[in-house]
Each structure stands twice: as C-alpha cells, then as structure tokens.
Protein chains: 2
Amino acid sequence: MSDAYTRVPSVLTHRLPRPVPADELAACPVGEVFRRMGDKWSMLLVVLLGSGPHRYGELHRAVEGISQRMLTRTLRGLETDGLVWREVHPTTPPAVEYGLTPLGLTLLEPLSALADWAVRHEAEIGEARSRHGGTRTPR
Amino acid sequence: MSDAYTRVPSVLTHRLPRPVPADELAACPVGEVFRRMGDKWSMLLVVLLGSGPHRYGELHRAVEGISQRMLTRTLRGLETDGLVWREVHPTTPPAVEYGLTPLGLTLLEPLSALADWAVRHEAEIGEARSRHGGTRTPR
DNA sequence: CAGAATCCCCACAGATACTG
DNA sequence: CAGTATCTGTGGGGATTCTG
C-alpha cells in the first residue's frame with residue numbers, strides 16, 4: 001500500500017508486455033502429453049515399441065520391474081490415445097501384439113530429442129543436485 | 001510346455017535379436033528427466049521462464065491455479081537440478097527472481113519440439129480418445 | 001512480497017492371487 | 001500366455017494459516 005512497495009530493483013522491471021497466457025498452456029495439449037508420458041513407464045514402452053511390435057510377455061520381460069497391472073494399464077492408456085495398437089491372435093494360448101501407430105511413430109522423434117538431451121546433460125544435473133544436496137539438505 | 005505353445009502366428013516371429021536392454025533405459029537419465037518434468041507444473045514453469053526471468057508473484061499469477069506450496073516446491077526442484085536460478089533482492093518487501101540457467105535454456109529446445117508435436121497432433125489424440133471412450137468405457 | 005508450516009485427500013504405483 | 005481382481009501404501013498436490 002505504501003510507497004515501500006515500489007522500492008524494488010530496476011532490473012526487476014524487466015517483464016513481458018503480456019505475462020504469457022499461462023492458462024492456455026495449462027489447458028494446452030502439451031500438458032496432456034507430459035501427463036501421459038510423464039508416468040513411470042509410458043515413455044519407456046514407446047521407445048521399446050519403436051523397435052517394432054512386441055508381445056505382452058516380451059515387453060513384460062524387457063522392462064523387468066514393471067508389474068503386470070502397470071504394463072497393462074500403461075499400454076491401454078497409450079492405446080486410448082492412439083499411440084499404440086493392440087492385436088489379439090485367437091490362438092491357444094492367446095497371443096497379443098502391441099506396436100506403435102503412425103501417430104506413435106511421429107512421437108518417437110521429439111521424444112528422442114528429449115532423451116538425447118537427458119543423456120548429454122546427465123552429468124550436469126548430477127553435479128547440480130550434489131551441490132544443493134551437500135550444502136543444504138532438501139525436503 | 002506342450003507343442004500347443006508353439007502354435008503362434010508366424011508374424012509374431014518378428015522380434016529383435018536382442019530384445020532391447022530395458023533396464024538400462026529404466027535406470028538411464030531419460031527417466032529422471034521425465035520424472036522431473038512429468039509432474040503437474042515443472043514443464044509449464046520452464047516454458048514460462050523461457051521468456052525471461054520472472055518474480056515469484058508474477059509466476060504465481062501467470063500460472064493461475066498453482067498453489068504457493070507447489071510453486072515454491074517446483075521451483076526449488078528445478079533449482080536443485082540446476083535448471084533454474086534464484087536470486088533474492090534484499091529490499092522491503094523482499095523481491096525474488098527466478099530464471100533459466102544455461103542448462104535450463106538448453107532444455108527449452110527439445111521441450112519445444114515435444115510441445116510442437118503435442119500441438120500438431122492434439123486433434124488426433126482427441127479423436128482416438130473419443131473413439132475408445134465411445135465404444136468401450138475405459139477404467 | 002515471498003515464502004514456511006500444517007493438515008488432509010485421493011489418485012495411482014506395487015505386490016499378490018486368481019482366471020479364460 | 002495374457003491378462004483381471006483386490007488390497008494396500010506412498011506421495012503428489014490442494015487449501016489454509018502464519019511469518020520475516
């Protein structure tokens with residue numbers, strides 16, 4: 001209320017004419033994508049399926065650490081979003097294949113870009129973390 | 001164990017010589033990055049800060065929907081990973097600025113690539129979802 | 001202004017057991 | 001083989017209140 005509130009460094013004056021429409025971003029598909037891929041397994045499965053279709057058991061063994069429940073749920077989620085297809089072969093015993101749809105394949109590219117970034121800057125993140133973890137206990 | 005288990009379609013024979021080392025991927029930095037960015041707000045804040053440094057209150061208003069708790073926690077997390085810097089100006093009242101570090105700026109690029117993908121394929125995902133939601137109630 | 005502290009909730013991960 | 005069913009725990013995240 002008083003003029004004390006105006007006593008801020010001039011460098012802080014730097015701001016955008018329009019502070020960026022954040023709600024647009026929040027409601028925008030970008031958030032959706034990260035919500036879908038941000039879980040523990042989705043991205044991993046997309047990358048695995050990027051090498052070609054695979055059967056349920058193959059994926060289960062390949063990921064190794066994922067529960068059947070999570071494997072099924074994650075694949076179903078990806079299928080719902082049209083990123084993965086699912087085909088049941090009525091054999092005995094049943095065989096089910098999963099693979100990337102054309103849409104899923106297009107996702108593979110930007111995903112790889114991010115993966116590359118992660119690999120390239122892994123060390124820097126580690127350093128930064130230990131720096132903060134060493135001087136100040138987080139949490 | 002019986003030969004009934006061999007009675008699978010020949011198309012399923014298609015598999016990789018080496019089923020892809022998934023544990024490597026699971027333990028690899030890619031997972032870490034997605035864990036950091038995959039939460040509800042991190043990516044959004046990185047994009048916002050991509051337009052330049054901003055103050056706490058600006059961010060709070062810009063995101064609009066985020067609680068103070070989450071804003072602080074998310075910024076701290078990004079700071080810990082060396083993606084965001086934080087500068088306190090000892091004024092009255094205090095003013096705190098947040099901005100992207102050089103490392104954070106490099107992340108902005110692959111992030112944008114993924115964002116572009118999301119925007120471009122938003123409609124397709126929506127269609128796929130309604131397709132599955134219409135014929136088969138998920139969950 | 002920029003937070004720290006506290007309480008609470010529920011969505012979702014994980015393990016286990018069972019089935020067509 | 002490829003799931004479903006069920007239970008349980010963890011913690012992400014929201015609302016509120018208080019403070020330097």
Side-chain angles (χ1 to χ4, degrees), chain A residues 1-9 12-13 15 26 31 34-45 53-77 79 84 86-98 136-139, chain B residues 1-9 12 15 26 31 34-45 53-79 84 86-98 136-139:
Chain A
M1 304 293 185
S2 68
D3 65 349
Y5 281 80
T6 65
R7 204 169 300 160
V8 288
L12 296 183
T13 310
R15 72 168 66 177
F34 265 84
R35 222 65 63 69
R36 155 76 46 234
M37 304 304 298
D39 65 60
K40 200 172 180 181
W41 307 109
S42 291
M43 164 212 66
L44 183 54
L45 286 173
H54 287 284
R55 294 179 55 176
Y56 182 89
E58 289 180 341
L59 294 172
H60 194 201
R61 263 173 278 113
V63 176
E64 184 178 8
I66 193 174
S67 63
Q68 288 188 330
R69 172 196 163 90
M70 278 302 104
L71 179 55
T72 301
R73 284 181 72 87
T74 305
L75 287 169
R76 291 287 204 276
E79 189 192 359
V84 161
R86 174 176 182 267
E87 190 173 351
V88 182
H89 299 266
T91 54
T92 50
V96 182
E97 262 195 317
Y98 293 92
R136 264 184 126 199
T137 44
R139 280 266 147 185
Chain B
M1 299 299 185
S2 70
D3 65 350
Y5 280 80
T6 66
R7 204 169 301 161
V8 288
L12 297 184
R15 74 168 65 176
F34 266 84
R35 221 65 62 71
R36 156 71 52 230
M37 304 304 299
D39 66 57
K40 199 171 179 178
W41 307 108
S42 291
M43 164 212 66
L44 183 56
L45 286 173
H54 288 283
R55 293 180 55 178
Y56 184 88
E58 288 180 342
L59 294 173
H60 195 201
R61 262 174 278 112
V63 174
E64 184 178 5
I66 193 173
S67 63
Q68 287 187 330
R69 171 196 165 88
M70 276 302 104
L71 179 55
T72 300
R73 284 180 71 88
T74 305
L75 287 170
R76 290 289 201 277
L78 293 171
E79 189 192 0
V84 160
R86 173 177 182 267
E87 191 175 350
V88 182
H89 299 267
T91 54
T92 50
V96 181
E97 262 195 318
Y98 293 91
R136 262 186 127 201
T137 44
R139 283 268 146 183

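A, B, ... follow the sequence lines: proteins, then strands. Residue 1 opens every chain. Just so you know, these numbers come straight off a predicted model, no measurement behind them.
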Under the side-chain contact (heavy atoms from CB on, under 4.5 Å) criterion, do B/Arg35 and A/Lys40 qualify, and how do the steps go? CA-CA 7 Å; B/Arg35 221 65 62 71; A/Lys40 200 172 180 181; 4.2 Å; yes
Separation of [X] atom [atom1] from [N] atom [atom2], in whole Å?
| X | N | atom1 | atom2 | value |
| --- | --- | --- | --- | --- |
| A/Glu79 | D/dG3 | CD | P | 10 Å |
| A/His54 | D/dC1 | NE2 | P | 16 Å |
| A/Arg61 | D/dG3 | CZ | P | 13 Å |
| A/Leu75 | D/dA2 | CG | P | 11 Å |
| A/Arg35 | C/dC12 | CZ | P | 10 Å |
| A/Asp39 | D/dG11 | CG | C1' | 16 Å |
| B/His60 | D/dT16 | NE2 | P | 12 Å |
| A/Glu58 | D/dC1 | CD | P | 11 Å |

Does [X] make a side-chain N or O approach to OP1 or OP2 of [N] shorter than 4.0 Å?
| X | N | value |
| --- | --- | --- |
| B/Arg86 | C/dG3 | yes |
| A/Arg55 | D/dA2 | yes |
| A/Arg76 | D/dT4 | yes |
| A/Arg73 | D/dG3 | no |
| B/Tyr98 | C/dC1 | no |

Within-4.5 Å side-chain heavy-atom neighbours: B/Leu44 and B/Ile66: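 Answer no - side chains too far apart.
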If you check every side-chain atom of B/Tyr56, which of C/dC1, C/dA13, C/dA2 has the closest atom?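 Closest of the options to the side chain of B/Tyr56: C/dA2.
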Once rounded to the nearest 0.5 Å, what's the spacing between atom [atom1] of [X] and atom [atom2] of [Y]?
| X | Y | atom1 | atom2 | value |
| --- | --- | --- | --- | --- |
| A/Thr74 | A/Met43 | OG1 | CE | 11.5 Å |
| B/Leu45 | B/Asp39 | CG | CG | 8.5 Å |
| A/Leu75 | A/Met70 | CG | CE | 11.0 Å |
| A/Glu64 | A/Leu59 | CD | CG | 13.5 Å |

Between the opening five pairs and the closing five pairs of the helix from C/dC1-D/dG20 to C/dG20-D/dC1, how far apart are the helix axes, to 10°?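 Both end axes considered, the difference amounts to 50°.
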A/His54 side chain to A/Tyr98 backbone, donor-acceptor under 3.5 Å: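 No; zero donor-acceptor contacts below 3.5 Å.
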With B/Thr72, which residues qualify under side-chain hydrogen bond (donor to acceptor under 3.5 Å, both in side chains), at least two apart?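 Partners of B/Thr72 by the side-chain hydrogen bond (donor to acceptor under 3.5 Å, both in side chains) criterion, ordered by chain and then number, come out as B/Tyr56.
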For A/Pro94 against A/Arg55, the heavy-atom pair lying closest together: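 Smallest interatomic distance, heavy atoms only, reads O-NH2, 4.1 Å.
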Do you know the tightest heavy-atom contact between A/Ala95 and A/Thr91?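 The answer is N-OG1, 3.6 Å.
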A/Pro94 or B/Gly57, whichever maps to the more 5' nucleotide of DNA chain C: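 Between the two, 5'-proximity favours B/Gly57.
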Would you tabulate the pairs of protein nitrogen or oxygen atoms and nucleotide nitrogen or oxygen atoms of nucleotides 14-16 of chain C closer than 3.5 angstrom?
{"unit_1": "C/dG14", "atom_1": "OP1", "unit_2": "A/Lys40", "atom_2": "NZ", "d": "2.1"}
{"unit_1": "C/dG14", "atom_1": "OP2", "unit_2": "A/Trp41", "atom_2": "NE1", "d": "3.0"}
{"unit_1": "C/dG14", "atom_1": "O6", "unit_2": "A/Arg69", "atom_2": "NE", "d": "3.4"}

